[in-house]
Amino acid sequence: MIKRQKIYEGKAKILFKGPDPDTLIQYFKDDATAFNAEKKAVIEGKGALNNILSEHFMKGLSSIGIPTHFLQRLNMREQLIKSCEIIPLEIVVRNFAAGSMSQRLGVKEGTKLSRPLVEFYFKNDELNDPLVTEEHIVGFNWATQAELEEIMTIALRVNDFISGMMHSVNIKLVDFKIEIGRFFDNEFEKLIIADEISPDSCRLWDSLSGEKLDKDIFRQDLGNLIDGYREVAKRFGVLPNQSFSELKEVTK
Ligand code: TMP
Ligand code: ASP
């Protein structure tokens, strides 16, 4: 067996060196964590579903000219991605109040916001990813003013497009988180969407019943997380045929 070189291991994914210097292999684990890993579980099938769904959303974004790190899905658990320099921000866009914003500001969950709201969190587990302002971002050199403006534009375009995709399958995009990286194309720097876009990183509610189809199922103990993720994949026509136990054979 060929041993690959692990570059980074996060809570839900592992990055390995790719076949070329500017590529990486992104492996989706079955591990689920919440509240900065205070709550943990291994949920069989989660990695495969996130891999397929992230591919689907990233391809959709590329099709409208929003560059992403996605290159090719390699198997049920892994995808080939462009290596980029991650900007240390979690960029959250909200259409309806939920989660930490409802808690922080006392806005009832589900309240429609008058316009999409973009928030930035400093990506730092030790500090519990604190909410930061544009002043902090530029002041601490996490991103330049010009990058920040582009990040805002990208975040709102992603929101418009993914909201539309979700709407077409009767799902409400309540909020989501993206990460953005710098990709160097010769001397040019380009900002690209990195990490993943999946039910782990979005809040997705059924438009009619309001049923939650995302990681809040796990965070709030609402039932079987896989049922929610499978439902999302089924609506987009990307649900894998194989059973999840058959998918286990791809090992680290
Ligand atoms: P929040 O309401 O907990 O701040 O989450 C906002 C959105 O960002 C929600 O769709 C879940 C997603 N998110 C992540 O993907 N990773 C995280 O670490 C956190 C805190 C939120
Ligand atoms: N904060 C992430 C979440 O709740 C996961 C984690 O921090 O463990 O989505």
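Start at 1 and go down the list; that is how both ligands and their atoms are numbered. Basis for what follows: all heavy atoms, side chains included, without hydrogens, waters or symmetry-related copies.
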> Would you mind running through ligand 2 and noting each atom that sits below 4.0 Å from a heavy atom of A37?
6 (C), 7 (O), 8 (O)

> Would you indicate whether the side-chain heavy atoms of V158 and F176 approach each other to under 4.5 Å?
yes

> Does the side chain of K13 reach to within under 4.5 Å of the side chain of L15, using non-hydrogen atoms?
no

> So which heavy atom in the protein is nearest atom 7 (C) of ligand 1, and how far is it from that ligand atom?
D175 OD1, 3.6 Å

> Report the part of D200 (side chain from C-beta onward, or backbone N, CA, C, O) that has a heavy atom under 4.0 Å from ligand 1; answer both or neither where that applies.
backbone

> Return the closest protein heavy atom for atom 20 (C) of ligand 1 as residue, atom name and distance.
E90 OE1, 4.5 Å

> With atoms numbered from 1 as shown, which atoms in ligand 2 lie under 4.0 angstrom from a non-hydrogen atom of N36?
1 (N), 6 (C), 7 (O), 8 (O)

> Considering only protein heavy atoms, which is closest to atom 2 (C) of ligand 2, and at what distance to one decimal place?
K215 NZ, 4.0 Å

> Transitively linked via ILVMFWY side-chain contacts under 4.5 Å: M166 with I66?
yes

> Would you kindly check if the NZ (Lys) or CZ (Arg) of K46 is within the cone defined by 45 degrees around the ring axis of Y229 and under 6.0 Å from the six-membered ring centre?
no

> Taking only heavy atoms of G99 into account, list the atoms of ligand 1 that are under 4.0 Å away from them.
2 (O)

> Should the ring pair Y27 and F16 be called parallel, tilted or perpendicular, given that the plane angle runs from 0 to 90° and is split at 30 and 60?
perpendicular

> Relative to the heavy atoms of C202, which atoms of ligand 1 are at a distance of less than 4.0 Å?
10 (O)

> Has E135 got more than 12 heavy atoms of other residues, nucleotides or ligands less than 6.0 Å from its CD?
no

> Here's a test for you: under side-chain hydrogen bond (donor to acceptor under 3.5 Å, both in side chains), which of N95, D216, D214 qualifies with R203?
D216

> Are any side-chain N or O atoms of N75 and backbone N or O atoms of E78, one a donor and one an acceptor, separated by less than 3.5 Å?
yes

> Taking it one step at a time, do F236 and V169 satisfy side chain to side chain contact (heavy atoms under 4.5 Å, CB included)?
CA-CA 7 Å; F236 284 109; V169 296; 3.5 Å; yes

> If we set the cut-off at 4.0 Å for heavy atoms, which region of R219 has an atom near ligand 2: side chain, backbone, both, or neither?
side chain

> Return the closest protein heavy atom for atom 8 (O) of ligand 2 as residue, atom name and distance.
T33 OG1, 2.5 Å

> When you compare the side chain of E147 with that of I180, does any pair of heavy atoms fall below 4.5 Å?
no

> Test of understanding: clusters of I, L, V, M, F, W, Y form through side-chain heavy atoms closer than 4.5 Å, transitively. Do V92 and V132 belong to the same one?
no

> When you measure from atom 12 (C) of ligand 1 to every protein heavy atom, which one gives the shortest distance, and what is it?
K177 CB, 3.6 Å

> Report, as yes or no, whether the 6.0 Å neighbourhood of atom CZ on F188 holds more than 12 heavy atoms from other residues, nucleotides or ligands.
no

> Of the side chain and backbone of K39, name the one, both, or neither that has a heavy atom under 4.0 Å from an atom of ligand 2.
neither

> Under 4.0 Å from atom 9 (C) of ligand 1, is there at least one protein heavy atom?
yes

> Give me the residue, atom name and distance of the protein heavy atom closest to atom 6 (C) of ligand 1.
R203 NH1, 3.6 Å

> Going by the atom numbers of ligand 1, which of them fall below 4.0 Å from some non-hydrogen atom of R94?
1 (P), 2 (O), 4 (O), 6 (C)

> Only heavy atoms of F176, strictly under 4.0 Å: list the atoms of ligand 1 that pass.
10 (O)

> Distance to 0.1 Å, residue and atom name: give those for the protein heavy atom nearest to atom 11 (C) of ligand 1.
R219 NH2, 3.7 Å

> I'd like to check which ligand 1 atoms, numbered from 1 as shown, lie under 4.0 Å from a non-hydrogen atom of S201.
10 (O), 12 (C), 15 (O)

> How far is atom 1 (P) of ligand 1 from its nearest protein heavy atom, and which residue and atom is that?
S100 OG, 3.4 Å

> Can you list the ligand 1 atoms lying under 4.0 Å from a non-hydrogen atom of V92?
6 (C), 8 (O)

